[in-house]
Colleague: 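Below you will find the structure I want to go over with you.
Along the sequence shown, residues carry numbers from 1.
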Amino acid sequence: MNKKLEEIINNNRKYVQEGLVASYIPELAKANKDHLAVHIFDVNCNENYFGDVDVKFTIQSVSKVITLICALLDKGEDQVFEKVGTEPSSDAFNSIARLETRASHIPLNPFINAGAIVTTALINGDNGYEKFERVRNLIRKMADNDSIDVNYNVYNSEKLTGNTNRALAYYLKGAGIICDGVEDILDAYFKLCSLEVTARDIAKIASVLANKGVAPWSNERIIGVDHTRIVLAIMTTCGLYDSSGNFAVKVGMPSKSGVGGCIMSVAPKKMGVCVFGPALDQSGNSMAGKMVLEEVSKELDLSIF
Ligand code: GLN
């Protein structure tokens, strides 16, 4: 299969030219837009990969999946979905528009920035650092990698320039949807987005979701079956922001993207897949990465539809 992956990566390299690296977080603008990688980790612990798999990148919005899982563990389904919806959004990932116009003011879903700020606030912990540590520890456990940590250059860059996220968080506080200290929650959110990972880490996290919440390498249950089902459903409908519908048609795997250039995809009962390519399309999703996923999904018959 490595040979097949090599072919797929080479077929899709041309698409990196059609994308742009994220620049609204200045540190991310330093990424090499030519990087492209795919890593697969299946539920029997077989691994296949090709491309720039050793390159580290920041997890960015893929952390929103694990933050949601942690919020569900800490507060349960009812309390979480009182504060954040489960509906797709057709706006940009950092849009503020619908917070004001929707009667309830709650964010549409946990995978847009406003929603992830709410789920971060729901994590147990007396302060932002404790909340951050809880989610980081779950990320480490799901990736089976205790060395995952913050890239402080990216974190500082996000913190310095993250004024749109600040606007979202203060709006949510004003509307009474979050109660804790806004700067503290934002600090946890920025740190979680700045965790540095490899494609293998993300493929392993996805393999836990593919295996109904059980780590394939240890058979330890990390997430309940119900929580896994909820998270996969929201990944399917909201994981690629305002291009989730098109992605469902083309790829058909529950997925989550991040502006660091990675897309985490799950083939239930089969495998976790990570693609990485920092050149992004207009919605903030890896341009070549989504093309690679489309071919991988067709080749291995992974669409859930
Ligand atoms: N840290 C980024 C932000 O808050 C995450 C966005 C993303 O990956 N789509 O803007």
Side-chain angles (χ1 to χ4, degrees), residues 1 4-5 8 38-49 59 61-73 77 80-81 86-88 109-111 119 138-139 141-144 197 199-241 243-258 262-276 285-286 289-305:
M1 166 136 75
K4 192 78 226 168
L5 294 181
I8 293 175
V38 57
H39 199 120
I40 294 178
F41 193 98
D42 76 16
V43 295
N44 297 312
C45 295
N46 299 308
E47 290 184 65
N48 291 279
Y49 44 86
I59 188 167
S61 281
V62 176
S63 65
K64 293 176 167 81
V65 174
I66 302 90
T67 304
L68 171 62
I69 294 168
C70 202
L72 287 167
L73 278 169
E77 193 179 333
V80 169
F81 295 120
T86 51
E87 298 306 329
N109 70 67
F111 294 161
T119 51
L138 185 56
I139 289 175
K141 195 166 185 180
M142 288 181 75
D144 190 29
V197 290
R200 180 172 198 252
D201 292 325
I202 298 296
K204 287 183 84 168
I205 292 173
S207 77
V208 177
L209 292 167
N211 204 29
K212 292 196 170 180
V214 173
W217 50 90
S218 64
N219 282 327
E220 182 193 354
R221 174 162 295 287
I222 301 178
I223 315 161
V225 175
D226 270 355
H227 289 172
T228 308
R229 177 184 52 76
I230 290 168
V231 168
L232 289 177
I234 303 176
M235 284 169 73
T236 307
T237 50
C238 311
L240 272 84
Y241 314 113
S243 57
S244 299
N246 182 261
F247 187 82
V249 170
K250 295 268 166 70
V251 177
M253 294 162 77
S255 299
K256 182 74 201 83
S257 61
C262 112
I263 305 176
M264 171 173 87
S265 298
V266 177
K269 301 188 192 140
K270 294 178 183 161
M271 61 189 75
V273 184
C274 175
V275 293
F276 164 63
N285 303 314
S286 175
K290 66 181 190 190
M291 305 309 284
V292 168
L293 272 173
E294 188 176 333
E295 220 177 310
V296 168
S297 173
K298 286 211 176 87
E299 190 62 40
L300 303 178
D301 192 21
L302 300 180
S303 174
I304 62 170
F305 298 107

Colleague: For Ser297 and Ser303, work out which heavy atoms get closest and say how close.
Modeller: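 Distance-wise, the nearest heavy atoms are OG-N, 3.5 Å.
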Colleague: Considering only heavy atoms from C-beta outward, does the side chain of Phe276 approach that of Val292 to under 4.5 Å?
Modeller: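 Not in contact.
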Colleague: State, yes or no, whether a side-chain contact exists between Phe305 and Thr236 at a heavy-atom distance under 4.5 Å.
Modeller: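 Phe305 vs Thr236: side chains touch.
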Colleague: Please check: side-chain N/O of Ser244 versus main-chain N/O of Leu240, any donor-acceptor pairing under 3.5 Å?
Modeller: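 Yes; judged by distance alone, with no hydrogens or angles, the pair exists.
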Colleague: Report the C-alpha distance between Leu5 and Val38 in whole Å, list the side-chain angles of each, state the deciding distance to 0.1 Å, and finish with yes or no for side chain to side chain contact (heavy atoms under 4.5 Å, CB included).
Modeller: CA-CA 7 Å; Leu5 294 181; Val38 57; 4.1 Å; yes
Colleague: Show me the donor-acceptor pairs, under 3.5 Å and distance only, between side chains in residues 210-220 and residues at least two apart or in other chains.
Modeller:
residue: Asn211; atom: ND2; partner: Val214; partner atom: O; Å: 3.0
residue: Ser218; atom: OG; partner: Glu220; partner atom: N; Å: 3.2
residue: Glu220; atom: OE2; partner: Lys141; partner atom: NZ; Å: 2.9

Colleague: To the nearest 0.5 angstrom, please state how far the CD1 atom of Ile40 sits from the CG atom of Leu302.
Modeller: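 That separation rounds to 7.5 Å.
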Colleague: Look only at the side chain of Asn44 and the backbone of Asn46, and say whether a donor-acceptor pair between them is shorter than 3.5 Å.
Modeller: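 Pair absent, no side-chain N/O of Asn44 close to backbone of Asn46.
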Colleague: Between Val266 and Pro268, which heavy-atom pair has the shortest distance, and what is it?
Modeller: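 Smallest interatomic distance, heavy atoms only, reads O-CD, 3.3 Å.
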Colleague: At their closest point, which heavy atom of Met1 faces which heavy atom of Asn48, and how far apart are they?
Modeller: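 So the minimum-distance heavy-atom pair works out to CE-ND2, 3.4 Å.
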Colleague: What's the separation between atom CD1 in Ile8 and atom CG in Leu300, rounded to the nearest 0.5 Å?
Modeller: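 One gets 6.5 Å once the value is rounded to the nearest 0.5 Å.
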Colleague: Can you check whether Leu293 reaches Val251 side chain to side chain, under 4.5 Å on heavy atoms?
Modeller: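 With C-beta onward as the side chain, the pair touches.
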Colleague: Could you tell me whether the side chain of Ser255 and the main chain of Met253 form a donor-acceptor pair under 3.5 Å?
Modeller: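 The answer is yes, because a donor-acceptor pair under 3.5 Å joins these two groups.
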Colleague: May I ask you to say whether Glu294 pairs ionically with Lys290, meaning some side-chain N is under 4.0 Å from a carboxylate O?
Modeller: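 Judged by the 4.0 Å cut-off on N to carboxylate O distance, Glu294 and Lys290 do not form a salt bridge.
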Colleague: Side chains of Lys64 and Thr67: do they bring a donor and an acceptor to under 3.5 Å?
Modeller: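 No, no side-chain donor-acceptor contact under 3.5 Å.
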Colleague: Provide the closest heavy-atom pair for Ile223 versus Arg221 in the form atom of the first, atom of the second, distance.
Modeller: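 Looking at all heavy atoms of both residues, the shortest contact is O-NH1, 2.7 Å.
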Colleague: Side chains of residues 226-235: which donor-acceptor pairs under 3.5 Å do they make with residues two or more places apart or in other chains?
Modeller:
residue: Thr228; atom: OG1; partner: Gly224; partner atom: O; Å: 2.8

Colleague: Indicate yes or no for a side-chain donor-acceptor contact from Asn285 to the backbone of Ser257 under 3.5 Å, with no hydrogens or angles considered.
Modeller: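 No, Asn285 side chain to Ser257 backbone: no donor-acceptor pair under 3.5 Å.
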Colleague: Should the heavy atoms of other residues, nucleotides or ligands under 6.0 Å from NZ of Lys270 be counted, would the total exceed 12?
Modeller: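 Enclosed.
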Colleague: Within this structure, what is the CD1-CD1 distance for the pair Ile205 and Ile202, rounded to the nearest 0.5 Å?
Modeller: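 One finds 4.5 Å between CD1 of Ile205 and CD1 of Ile202.
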Colleague: Just so I know, are the side chains of Phe111 and Leu68 near enough to count as touching, which here means a heavy-atom distance under 4.5 Å?
Modeller: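 Yes. Closest side-chain heavy atoms under 4.5 Å.
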Colleague: Kindly give the heavy-atom pair with the smallest separation between Val62 and Lys256, and that separation in Å.
Modeller: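 The answer is CG2-O, 3.5 Å.
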Colleague: Minimum heavy-atom separation for Val208 to Met142, with atom names?
Modeller: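 Minimum heavy-atom separation between Val208 and Met142: CG2-O, 3.6 Å.
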Colleague: Between SG of Cys262 and CD1 of Ile59, what distance do you get to the nearest 0.5 Å?
Modeller: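 Between atom SG of Cys262 and atom CD1 of Ile59 there are 7.0 Å.
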Colleague: Test side chain to side chain contact (heavy atoms under 4.5 Å, CB included) on Ile69 and Ile222; report intermediate values, then the result.
Modeller: CA-CA 10 Å; Ile69 294 168; Ile222 301 178; over 6 Å; no
Colleague: Could you tell me whether the side chain of Leu138 reaches within less than 4.5 Å of the side chain of Leu73, counting heavy atoms only?
Modeller: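 Sidechains of Leu138 and Leu73: in contact.
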Colleague: Between atom OG1 of Thr237 and atom CD of Glu87, what is the distance when rounded to the nearest 0.5 Å?
Modeller: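 The OG1 atom of Thr237 sits 7.5 Å away from the CD atom of Glu87.
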Colleague: Give the C-alpha distance, both sets of side-chain angles, the deciding distance and a yes or no for side chain to side chain contact (heavy atoms under 4.5 Å, CB included) between Tyr49 and Cys274.
Modeller: CA-CA 9 Å; Tyr49 44 86; Cys274 175; over 6 Å; no
Colleague: Apply side chain to side chain contact (heavy atoms under 4.5 Å, CB included) to residues Leu72 and Phe81 and explain how you reach the verdict.
Modeller: CA-CA 9 Å; Leu72 287 167; Phe81 295 120; 3.9 Å; yes
